[in-house]
Amino acid sequence: MKLKYPAEAFALGIVLFSAGMKEAFAAGILVIFAVVFAEFLKNLLEPFAPLWSVRLSVLIGTGAVCASAFLLGFTQLGIEVSNGLWIMTFIVGLLAAKHVLMTEMDAEYGEIFWESGIAWGFWILLAAVREFCAGGSIFGNTIFEASFQSKSFLETTFAFLVAGLVLAFTNGVLKKRSRNTHSLLLVIPMVIFSRPFAMESFGELAGMIWTIAVPVVMFISVKKTLKFARTGLAYRGLPCEMLAMGFIYMILSIY
């Protein structure tokens with residue numbers, strides 16, 4: 001059975017906004033809003049416009065509305081949204097629109113809310129765990145401080161790991177697996193936005209290209225190998241690929 005929730009959009013949203021429970025709570029609502037808006041816009045335009053126009057309108061419209069909603073919502077919460085982060089939220093909207101266009105959901109909004117709600121719940125839960133492990137607080141309130149807590153839990157490495165676990169847990173509950181997903185569509189923008197290491201000795205341009213190319217090539221290599229891995233059904237595809245990207249970031253951040 002096909003997934004009703006936008007796995008790719010959720011994965012990128014989790015990578016960007018899982019360092020704290022407050023931002024995870026808000027971002028999850030906005031990702032669900034994006035996919036519902038995309039489905040509504042597609043159903044609204046299909047009877048009146050040619051297919052190419054519908055697809056283009058849904059992609060651009062959802063991306064713009066999603067980015068605007070994130071900017072307004074996070075500004076109200078007092079969370080700064082940089083230009084780079086704003087572009088990433090636009091990509092989240094594009095991924096939500098892509099899911100709608102590639103999946104025949106037939107306005108099944110109940111299924112969308114049900115599956116997305118499960119993913120959102122796991123997202124909030126693991127974001128709270130990550131926030132607690134980073135500084136002993138949950139939703140900005142200090143709960144308990146211990147020696148094992150470290151700011152390293154706020155790094156992109158753990159963001160990818162959380163994304164993989166959230167998707168795997170959601171697929172496990174739904175008894176589904178991530179099919180027909182394109183992880184490179186979120187990995188490449190994320191590597192450009194948050195590179196795992198710096199290479200200043202090559203010069204600015206060459207160093208930037210190198211720090212982008214290396215993790216992407218490693219990810220493609222691991223992705224091909226994972227096709228032959230004997231992983232559980234819930235982990236196959238996008239969840240396992242997100243976990244793999246987390247370990248790639250962990251290895252490359254050492255250098």
Side-chain angles (χ1 to χ4, degrees), residues 5-32 34 70 73-74 77-82 84-86 88-89 91-92 95 115-173 178 183 186-187 189-191 193-197 215 219 231-232 234-235 238-254:
Y5 77 97
E8 295 156 322
F10 263 99
L12 184 56
I14 293 166
V15 173
L16 293 170
F17 305 110
S18 64
M21 187 176 177
K22 181 170 78 169
E23 63 181 31
F25 187 90
I29 294 175
L30 295 175
V31 172
I32 297 173
F70 266 97
F74 275 59
L77 292 174
I79 301 174
E80 182 180 358
V81 179
S82 63
L85 186 58
W86 182 84
M88 295 300 290
T89 60
I91 297 174
V92 171
L95 293 174
E115 295 191 7
S116 297
I118 294 174
W120 181 36
F122 282 121
W123 181 356
I124 293 173
L125 177 62
L126 292 185
V129 172
R130 189 178 171 201
E131 183 182 7
F132 177 77
C133 291
S137 61
I138 296 178
F139 212 88
N141 301 308
T142 301
I143 305 298
F144 176 74
E145 294 183 356
S147 58
F148 68 85
Q149 293 163 347
S150 172
K151 294 296 182 183
S152 61
F153 284 99
L154 299 178
E155 296 177 357
T156 310
T157 295
F158 289 93
F160 274 109
L161 295 179
V162 166
L165 291 175
V166 168
L167 296 181
F169 294 163
T170 303
N171 292 345
V173 171
S178 298
S183 50
L186 61 100
V187 165
M190 194 62 212
V191 170
F193 176 70
S194 178
R195 296 190 289 275
F197 67 100
F219 176 74
T231 56
Y235 285 84
L238 192 59
C240 196
E241 290 166 2
M242 292 296 96
L243 292 173
M245 196 60 192
F247 286 112
I248 290 173
Y249 260 73
M250 186 181 298
I251 293 169
L252 293 178
S253 63
I254 298 174

Can you tell if the side chain of [X] reaches within under 4.5 Å of the side chain of [Y], non-hydrogen atoms only?
X	Y	result
I79	K22	yes
F169	P239	no
F219	S183	yes
F74	T89	no
F132	M21	no
V162	M242	no

Taking all non-hydrogen atoms of both residues, which atom of [X] and which atom of [Y] are closest, and how far apart?
X	Y	result
G172	A234	N-CB, 3.7 Å
M190	Y249	O-OH, 3.7 Å
V31	A9	CG1-CB, 4.2 Å
I29	W120	CG1-CZ2, 3.4 Å
L161	G246	CD2-CA, 4.1 Å

For the atom pair [atom1] ([X]) and [atom2] ([Y]), what is the distance rounded to the nearest 0.5 Å?
X	Y	atom1	atom2	result
L252	M245	CG	CE	7.5 Å
N171	Y235	CG	OH	10.0 Å
F10	L95	CZ	CG	12.5 Å
W123	T170	CH2	OG1	11.0 Å
M250	E155	CE	CD	9.5 Å
Y5	L167	OH	CG	4.5 Å

Contacts of T156 that satisfy side-chain hydrogen bond (donor to acceptor under 3.5 Å, both in side chains) - sequence neighbours left out: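 Here the qualifying residues are S194.
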
Ring pair (Phe, Tyr, Trp, His ring centres under 6.0 Å) partners for F193, two or more places apart: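 With sequence neighbours excluded, F193 shows a ring pair (Phe, Tyr, Trp, His ring centres under 6.0 Å) to no residue whatsoever.
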
Checking side chain to side chain contact (heavy atoms under 4.5 Å, CB included) for the pair F122/V173: CA distance, chi angles, key distance, verdict? CA-CA 11 Å; F122 282 121; V173 171; 3.8 Å; yes

Under 3.5 Å donor-acceptor pairs involving side-chain atoms of residues 11-20, not counting sequence neighbours:
{"unit_1": "S18", "atom_1": "OG", "unit_2": "I14", "atom_2": "O", "d": "2.7"}
{"unit_1": "S18", "atom_1": "OG", "unit_2": "R130", "atom_2": "NH1", "d": "2.7"}

